[in-house]
Amino acid sequence: MTDQLDGADRPRLGIVLMLIGIAAFSVMDATIKWLTADFPVPQVVALRSWFGLPLLCLLAHFEGGLHTLKTSRPLVHIGRYILVLVLSFSFFWALSQMKLADVVAITFAAPIFIALLSVPLLKETVGLRRWVAIGAGFCGVLIMLRPGVGVFQWAALVALGSVVVYALLMITTRAFKSTESTAALMLYPQLGMTLTGIVIAPFFWVPPSPGDLGLFSLAGLFGSIGVICLTHAFRLAPAAVVSPFEYSALIWATLLGFLLWRELPATLTIVGAGIVVASGLYIIYRETIKIGRAQPRLPSMSPDDTGQ
């Protein structure tokens, strides 16, 4: 896939890339959780960025090299770097404090925040029914957060904060897809994270073994694969179309959490996640109706056309 795509929405391809990206991120999340048991979060953030950078540089090379990195919007990329920085620290810390499946379940609120933030940021309209669905989704989030549980509550709130940052990051991907290349959208924040890691890592350094370095490289590789797939997914299809497929992450998180730590998601987490998933699916249903009314369906010409 390159930016030579004609810029039209390709929802089927976007969905496939979202599923692949979520699977890759699930492997990264499990690896990060394993590493944070022995290494401080700043060092984990730094090494994950260093090992993830080569793949993104390789992608930029194949998509046109330095030419594709030209930009007239440097502030956009600085802003995205800040979002990635906050997202990495908050999400990795939450992973170190909570069950893998519980953290992932909280991230299911992302489509709700994307729908909510799309109103002021993308100037999209949200009808009464979708506002009701957003409200129901927040009720599900509250069930998962379980207010009043002390330290666990703070970790859950940090995880929820990382979801808000993630939603902002995905909205910027969609908003600037026509003016910025995919390589630029992905590589500039990663370069910023790499430089940040060089500055902060020496203050928290714990010598890793060769096996640990192998795990860090695994986290970096799968993290970059996830970034590539999700960035393309949000460029190829509306956010409301691809976002619900993030729910596949709970399958991976439950499986990996059980295999590695014998963890299973809490009952209230499952209940809250079910409400959030139902709300997110209704939001996408209403969004699909809106898209169908705005864009009459054309005869299918290829598997990747704009027909749904």
*Minimum heavy-atom separation for Val242 to Met18, with atom names?*
O-CG, 3.4 Å

*asked:* Measuring only between side-chain heavy atoms, which start at C-beta, is Leu230 closer than 4.5 Å to Phe25?
replied: yes

_Heavy-atom donor-acceptor pair, Tyr188 side chain to Leu69 backbone, under 3.5 Å_ = yes

_Is there a continuous path of hydrophobic side-chain contacts, each under 4.5 Å between heavy atoms, that joins Ile270 to Val103?_
no

*Does Leu160 share a hydrophobic cluster with Trp154, counting links as ILVMFWY side-chain heavy atoms below 4.5 Å and allowing steps through other members?*
yes

*Calculate, to the nearest 0.5 Å, the distance between atoms CG and SG belonging to Leu187 and Cys57 respectively.*
5.0 Å

*Identify the residue among Phe138, Phe108, Tyr166 that makes a ring pair (Phe, Tyr, Trp, His ring centres under 6.0 Å) with Phe113.*
Phe138

*Is the backbone of Thr172 close enough, under 3.5 Å, to the side chain of Arg80 for a donor and an acceptor to pair up by distance?*
no

_I'd like to check Leu268 versus Met144 (side-chain heavy atoms, cut-off strictly below 4.5 Å). Are they in contact?_
no

_Do Pro265 and Lys99 make a side-chain contact, defined as non-hydrogen atoms from C-beta onward lying under 4.5 Å apart?_
no

*asked:* Measuring only between side-chain heavy atoms, which start at C-beta, is Val206 closer than 4.5 Å to Pro40?
replied: yes

*For residues Ala201 and Trp50, report the shortest heavy-atom separation together with the two atoms involved.*
CB-CH2, 4.0 Å

*Does NZ or CZ of Arg262 come closer than 6.0 Å to the centre of the six-membered ring of Phe258, within 45° of the ring's axis?*
yes

*Just do the side-chain contact (heavy atoms from CB on, under 4.5 Å) check on Phe245 and Ile22 with the steps written out, would you?*
CA-CA 8 Å; Phe245 290 91; Ile22 291 301; over 6 Å; no

_What's the separation between atom OG in Ser96 and atom CG in Leu35, rounded to the nearest 0.5 Å?_
11.5 Å

*When rounded to the nearest 0.5 angstrom, what distance separates CG in Leu19 from OG in Ser248?*
5.0 Å

*Test Trp131 against Val119 for side-chain contact (heavy atoms from CB on, under 4.5 Å), laying out the working first.*
CA-CA 11 Å; Trp131 280 120; Val119 176; 4.3 Å; yes

*Is a donor on one side and an acceptor on the other found under 3.5 Å between the side chain of Ser49 and the backbone of Thr194?*
no

_Point-to-point distance, once rounded to the nearest 0.5 Å, from OG of Ser88 to CG of Leu83_ = 10.5 Å

*Between Thr107 and Phe91, is a side-chain contact (heavy atoms from CB on, under 4.5 Å) present by the stated rule, with each step listed?*
CA-CA 10 Å; Thr107 67; Phe91 186 69; 3.7 Å; yes

*Looking at side-chain heavy atoms only, is the closest gap between Leu191 and Leu195 below 4.5 Å?*
no

*Establish whether Val41 and Leu157 are linked, either directly or via other cluster members, by ILVMFWY side-chain heavy-atom contacts under 4.5 Å.*
yes

*Closest heavy-atom pair and its distance - Val86, Val165*: CG1-CG2, 4.0 Å

_Hydrophobic clustering (ILVMFWY, side-chain heavy atoms < 4.5 Å, transitive) - are Ile20 and Met170 grouped together?_
no

*Return the minimal non-hydrogen interatomic distance between Leu100 and Leu95, and the atom names on each side.*
CD1-CD2, 3.6 Å

*Could you grab the distance from atom CD of Gln43 to atom CG of Asp38, nearest 0.5 Å is fine?*
10.5 Å

*So Phe39 and Phe204, ring-ring contact (aromatic ring centres under 6.0 Å, His included) or not? Walk me through it.*
CA-CA 9 Å; Phe39 297 93; Phe204 301 92; over 10 Å; no

_So, taking the atom named CZ in Arg48 and the one named OG in Ser217, what distance separates them when rounded to the nearest 0.5 Å?_
12.0 Å

*Hey, mind stepping through Asp212 and Ser209 against side-chain hydrogen bond (donor to acceptor under 3.5 Å, both in side chains) and telling me if it holds?*
CA-CA 5 Å; Asp212 294 327; Ser209 68; 3.0 Å; yes

*His77 versus Thr71, closest heavy-atom pair with distance*: NE2-OG1, 3.4 Å

*Using the rule that two of Ile, Leu, Val, Met, Phe, Trp, Tyr join whenever any of their side-chain heavy atoms come within less than 4.5 Å, decide whether Val84 and Ile78 are in one cluster.*
yes

*Leu47 side chain near Trp205 side chain, heavy-atom distance below 4.5 Å*: yes

_Determine whether a donor-acceptor pair (N or O, by modelled atom type, separation under 3.5 Å) exists between the side chain of Thr254 and the backbone of Ile251._
no

_Check this for me: Tyr247, atom OH, are more than 12 non-hydrogen atoms of other residues, nucleotides or ligands nearer than 6.0 Å?_
yes

*asked:* Do Phe51 and Leu221 have side chains that approach each other closer than 4.5 Å (heavy atoms only, starting at C-beta)?
replied: no

*Is there a side-chain contact between Lys33 and Gln97 (heavy atoms, below 4.5 Å)?*
no

*Grab the two heavy atoms, one from Ala109 and one from Val141, that are nearest each other, plus how far apart they are.*
CB-CG2, 3.7 Å

_Go through it in stages, so that I can follow the logic: the residues are Ile106 and Met98, the test is side-chain contact (heavy atoms from CB on, under 4.5 Å), and I'd like the CA-CA distance, side-chain angles, deciding distance and then a yes or no._
CA-CA 11 Å; Ile106 291 175; Met98 298 171 60; 3.8 Å; yes

